[in-house]
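Sequential numbering from 1 along the given sequence is applied to the chain's residues. Because the structure is predicted, anything quoted here is derived from the model rather than measured. These numbers come from the heavy atoms of this one structure, side chains and all, not from hydrogens, waters or symmetry mates.
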Amino acid sequence: MWKAVVTGVAVLVLTGPIAAGDSRADEAAALAEARAAVKDLGAKLKDQLVSAIKAGGPVKAIEVCKSVAQDLAKEASAAHSVAIRRTALKVRNPLNAPDDLERRALEDFAAKLAAGADPASLEHYETVAEGGKTVVRYLKAIPTAAEPCLACHGSALAPEVTQAIEASYPEDQATGFKPGDLRGAFSVKVEVK
């Protein structure tokens with residue numbers, strides 16, 4: 001059964017404090033942990049990519065995405081007791097393809113961006129039943145920044161970047177972006193305690 005967390009948050013605001021052990025408090029704590037995991041992974045991934053570009057250009061950044069990004073996601077997952085990954089409508093790595101919930105959220109983000117929404121403000125969360133457990137699903141949009149994103153995800157890629165992408169990701173769909181486009185999202189699952 002699907003139940004939107006937004007409803008629980010609205011009730012939280014309207015009814016005041018929630019006792020410990022209340023499912024709404026547990027959902028709010030799970031959502032806070034999901035946001036913290038996104039902030040942690042986003043900062044570490046950006047630092048790694050910027051360092052790689054400074055050290056060896058965009059080709060080095062492609063290597064970082066392929067080899068280091070998954071490890072950073074595992075570290076953030078462990079540190080925050082969540083499952084975190086990146087996904088998109090146009091993926092570079094087919095393993096990052098969105099599931100149905102992620103696809104709906106990403107399509108909603110794209111529609112909101114087209115209507116003029118601030119990409120940095122886009123997030124989606126809901127509480128779902130998965131495998132007999134209650135799980136908060138949280139997505140935070142990743143907007144395309146001019147730097148460092150466009151060096152590997154833009155329209156005018158250097159020939160060596162194109163070659164590196166083709167060698168590492170033969171099914172790549174993740175080019176042709178402009179600043180402010182929806183690159184994808186961080187996707188987090190947190191079990192509600």
salt_bridge(R137, E126) N-O dist < 4.0 Å: no
Close side-chain approach of L72 and Q48, heavy atoms under 4.5 Å: yes
Atom pair OG1 (T87) and CG (N96), whose distance is rounded to the nearest 0.5 Å: 6.5 Å
Test item: L150 and T144 side chains (from C-beta on) under 4.5 Å apart, heavy atoms: yes
Distance (rounded to the nearest 0.5 Å) between H124 NE2 and R104 CZ: 6.0 Å
Minimum side-chain heavy-atom gap H80-L41 below 4.5 Å: no
Min side-chain heavy-atom separation L139-L101 under 4.5 Å: yes
Single-linkage hydrophobic cluster V68~I142, side-chain heavy atoms < 4.5 angstrom: yes
Other residues, nucleotides, ligands: >12 heavy atoms within 6.0 Å of D99 CG: yes
Which residues share a side-chain contact (heavy atoms from CB on, under 4.5 Å) with D47, sequence neighbours left out: none
same_hphob_cluster(L45, V82) at 4.5 Å side-chain heavy-atom cutoff: yes
Test item: T134 side-chain N/O and A129 main-chain N/O as donor-acceptor pair under 3.5 Å: no
Side-chain heavy atoms of D172 within contact of E166, under 4.5 Å: no
SB check D40 K44 (cutoff 4.0 Å): yes
Electrostatic pair K193-D26, nearest N-O below 4.0 angstrom: no
S121 side-chain N/O to D118 backbone N/O, donor-acceptor pair under 3.5 Å: yes
Counterpart residues, side-chain contact (heavy atoms from CB on, under 4.5 Å), relative to K60 (two or more places apart): A52, E63
For L122, all residues meeting side-chain contact (heavy atoms from CB on, under 4.5 Å), sequence neighbours excluded: F109, K112, L113, A117, A141
Side chain to side chain, Q163 and V59, heavy atoms closer than 4.5 Å: no
Spacing of CZ belonging to R85 relative to OG belonging to S77, to within rounding of 0.5 Å: 11.0 Å
Same apolar cluster: I62 and L157, side chain cutoff 4.5 Å: yes
Side-chain heavy-atom pair K66, Y169 within 4.5 angstrom cut-off: yes
Validation row: V192, V135 side chains within 4.5 angstrom (heavy atoms): no
Point-to-point distance, once rounded to the nearest 0.5 Å, from CZ of R86 to CG of N93: 8.5 Å
Residues which pass side-chain contact (heavy atoms from CB on, under 4.5 Å) with A97, listed by chain and number, not counting sequence neighbours: none
S168 and R92: CA distance, side-chain angles, deciding distance, side-chain contact (heavy atoms from CB on, under 4.5 Å) verdict: CA-CA 9 Å; S168 294; R92 176 148 288 164; over 6 Å; no
Results of salt bridge (Lys or Arg N to Asp or Glu O under 4.0 Å) for R35 - residues two or more places apart only: E123
Contact summary for T175 and G154, nearest pair of heavy atoms: CB-O, 3.7 Å
Connected via hydrophobic side-chain network under 4.5 Å: L49 and V161: no
Can I get a per-line list of side-chain donor-acceptor pairs under 3.5 Å for residues 180-190, giving both atom names and the distance, sequence neighbours left out?
unit_1: D181; atom_1: OD2; unit_2: K178; atom_2: N; d: 2.7
unit_1: R183; atom_1: NE; unit_2: H153; atom_2: ND1; d: 3.4
unit_1: R183; atom_1: NH1; unit_2: K90; atom_2: O; d: 3.1
unit_1: S187; atom_1: OG; unit_2: E102; atom_2: OE2; d: 2.5
unit_1: K189; atom_1: NZ; unit_2: E130; atom_2: OE1; d: 3.3

